Enquirer: 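Quick one: the structure is below, questions incoming.
Sequence lines set the chain letters: A, B, ... in the order given, protein chains first and strands last, and positions in each chain run from 1. Model, not experiment: these values are computed from the prediction. What you see below is based on every heavy atom in this structure, not just the backbone, and it leaves out hydrogens, waters and symmetry mates.
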Number of protein chains: 2
Amino acid sequence: MKPVTLKDIAEQLNISVTTVSKALKDYPDVSKKTRGLVRELAKTLNYKPNTFAVNLRTKESKTIGLVIPVIVHHFFSNVIKGIISQAEKKGYLVIILQSNESYELEKKQIDLLLSQRVDGLIISIANGTADFNHLNEVIAQEKPIVMFDKIAKLVKCSKIIIDDRKAAYTATQHLIDIGCKRIAHFRGALLPQNSIDRFLGYKQALIDNNMPYDPTLVYICELGDKSFEEGKQNARQLLQDHDDVDGIFINTDLVAIGAMTEFKALGVKIPEDIKIVGFSNWFMSSVISPTLTTIDQPGYKMGKTAFKQLFKEMNAIKNKKPKKPKIITLETELIKRESTKS
Amino acid sequence: MKPVTLKDIAEQLNISVTTVSKALKDYPDVSKKTRGLVRELAKTLNYKPNTFAVNLRTKESKTIGLVIPVIVHHFFSNVIKGIISQAEKKGYLVIILQSNESYELEKKQIDLLLSQRVDGLIISIANGTADFNHLNEVIAQEKPIVMFDKIAKLVKCSKIIIDDRKAAYTATQHLIDIGCKRIAHFRGALLPQNSIDRFLGYKQALIDNNMPYDPTLVYICELGDKSFEEGKQNARQLLQDHDDVDGIFINTDLVAIGAMTEFKALGVKIPEDIKIVGFSNWFMSSVISPTLTTIDQPGYKMGKTAFKQLFKEMNAIKNKKPKKPKIITLETELIKRESTKS
DNA sequence: AAACATCCCGAAAACGTTTTCGGTAAAAAC
DNA sequence: GTTTTTACCGAAAACGTTTTCGGGATGTTT
């Protein structure tokens, strides 16, 4: 009933534990004959090495930690899938924790993962995070850490991102190209780098096209669990504040969908009255009515890339050849749909 | 640079490792004074117990495994969130793997988790799974396992489910109540219990209302990654086969949304020409047009309940008082929306 | 003063693996 | 026939923790 150990195999074959271990790990100093015997018996007894012991001995867990702001989220669940699939290929398992966009929780989760002694960390930081000591501590411990999407510019680690600024610029330019004269922006929270960058891209596009930048046209969403509601609220507010807006670039599809729902309810026609561009290309955006123009953000690929990079760094550290951080930028694409039909 | 161990603390205080360990774990046979000293030093040195050693010694990992068919999925990501949040409260971490609806992969993933020596398993079985030996083996190893949603009736373990049959009955009855005379059903794959039960509920409702059951009105979807496409295909096929259908009960919202998209493209009006009820209450269903009537399936709660049950069983096994399996049925609710407006 | 209980501490074994280092025997070289 | 190489094996230490058990000191009861 008890799990089979090296000792059990050794005793049955009348050889030492050492030899059994070596036989199973293809050490050169064990004869073909005994290697064969060990292999065979191990198989019939269904021997599985005790991970706890292996971990203790080798000081690695073949496990990585993943901290994300939200789990029920199209983009993030794609990232999760990408990370897990890639990790599996390399024999790593993934422990997932959620920060819920809170700095305190994020800190706690990272602590938890470190005390579990994961071999590496992948993280997309919370909206609430402005202080990065908890992240720098990870690096100080020589644990590799890779950030994706929502990164902290000041932390020296590898990052997998998109060019948010460029993508936002493209989105806004698209609105301008199809004739919008007064374009609003629903931005994300104030702290996250990507929401800053998307805002800057929006602003730059206006300036480059000789259109005035009007701060009152910029609305803030905290995102998190209530994105949809925020979209509705901002849409209502926008109509009250400015009746001349004919285009909006919105930080996230879910917010955009909330806004569209509200506009529809209030009798504002899309795209006739207001044209809308979202961000992320949630699946939903292709099935709602009207379908939503958006920026495709490659979540699955981002996850895969993040793990690949982490894997390289974990190996580099094992071989005492730590690498310098790398920033990988993945391509995005403007997906034109009905919400910006001219 | 190296992590602090009990030994380090012991040496600095000139006491034994034993005493340090006991002091930190509130053993009664250590004086208040030394306990205080140990505690203090542990804190200043930022001592974190080495999980690998603890695991090896205690034979538990405080980690559970979760195997689900798909990750990028509204229902399942809600379950994930529920499990993780509850596990965290009890000091457990969660390792997630995806079976991709494949029996082979499911088997492999379970093996992986067992060799990682997780303390328990939560699983929703794949469409492709017809043989349950891999699950019975887990039970034979005295590892608790809890199934949810897609269960195997024949495996003796706890299960968290909804009453699929009743829910499907309610959904179909609703279509009948609003005047549908000829109701089709897009069912799930042939093997999964819940897709069987939903089909049976549909059939029963017809019979109880003296409506003929017509097998040619039942279409099969394999689900998995291509649910949306299957919905479209089946919708097209249905129109060819039967031009008199005025209502459809569909196994999953995503398939229903695919069908609605196709109907819209083909000029079939919903709910005027055909009324539709989905299943699961994906968020999407409340924002598409027309909004989709569906059965709300409490994913988050299911996840929480599943972990709670697993937790009980893990403790029971630790205390050598194994419990008998429990089947917990959660309530569902019919959410009436535009797709069945009469 | 002897007997007993109480309080505190530490030695040692155990969990199962990996890896270093020596050692013995047989084969090869001189 | 002696030395050197090669092939194979095992003892032992180590990873860091937990827990059992015994024992010494101090205090309390006869």
Enquirer: With a 3.5 Å cut-off and no angle check, do the side chains of B/E88 and A/Q109 form a donor-acceptor pair?
Expert: yes
Enquirer: Atom CG in A/L41, atom CG in A/L13: separation rounded to 0.5 Å?
Expert: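 Between A/L41 CG and A/L13 CG, I get 5.0 Å after rounding to 0.5 Å.
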Enquirer: So, are B/K150 and B/E101 salt-bridged, with charged N and O less than 4.0 Å apart?
Expert: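 A salt bridge is present here (some side-chain N lies under 4.0 Å from a carboxylate O).
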Enquirer: Between protein and nucleotides 8-17 of chain C, map the contacts as a letter string: B base, S sugar-phosphate only, - none, heavy atoms under 4.0 Å, written 5' to 3'.
Expert: BBBBBBBBBB
Enquirer: What I'd like to find out is whether the side chain of A/N55 reaches to under 4.5 Å of the side chain of A/E60, using heavy atoms alone.
Expert: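 They are not in contact (no side-chain heavy atoms under 4.5 Å apart), so the answer is no.
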Enquirer: Any side-chain heavy-atom pair from A/V4 and A/N46 closer than 4.5 angstrom?
Expert: no
Enquirer: Mind calculating the distance between CG (A/L24) and P (C/dT19) to the nearest angstrom?
Expert: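 My rounded result for the distance is 13 Å.
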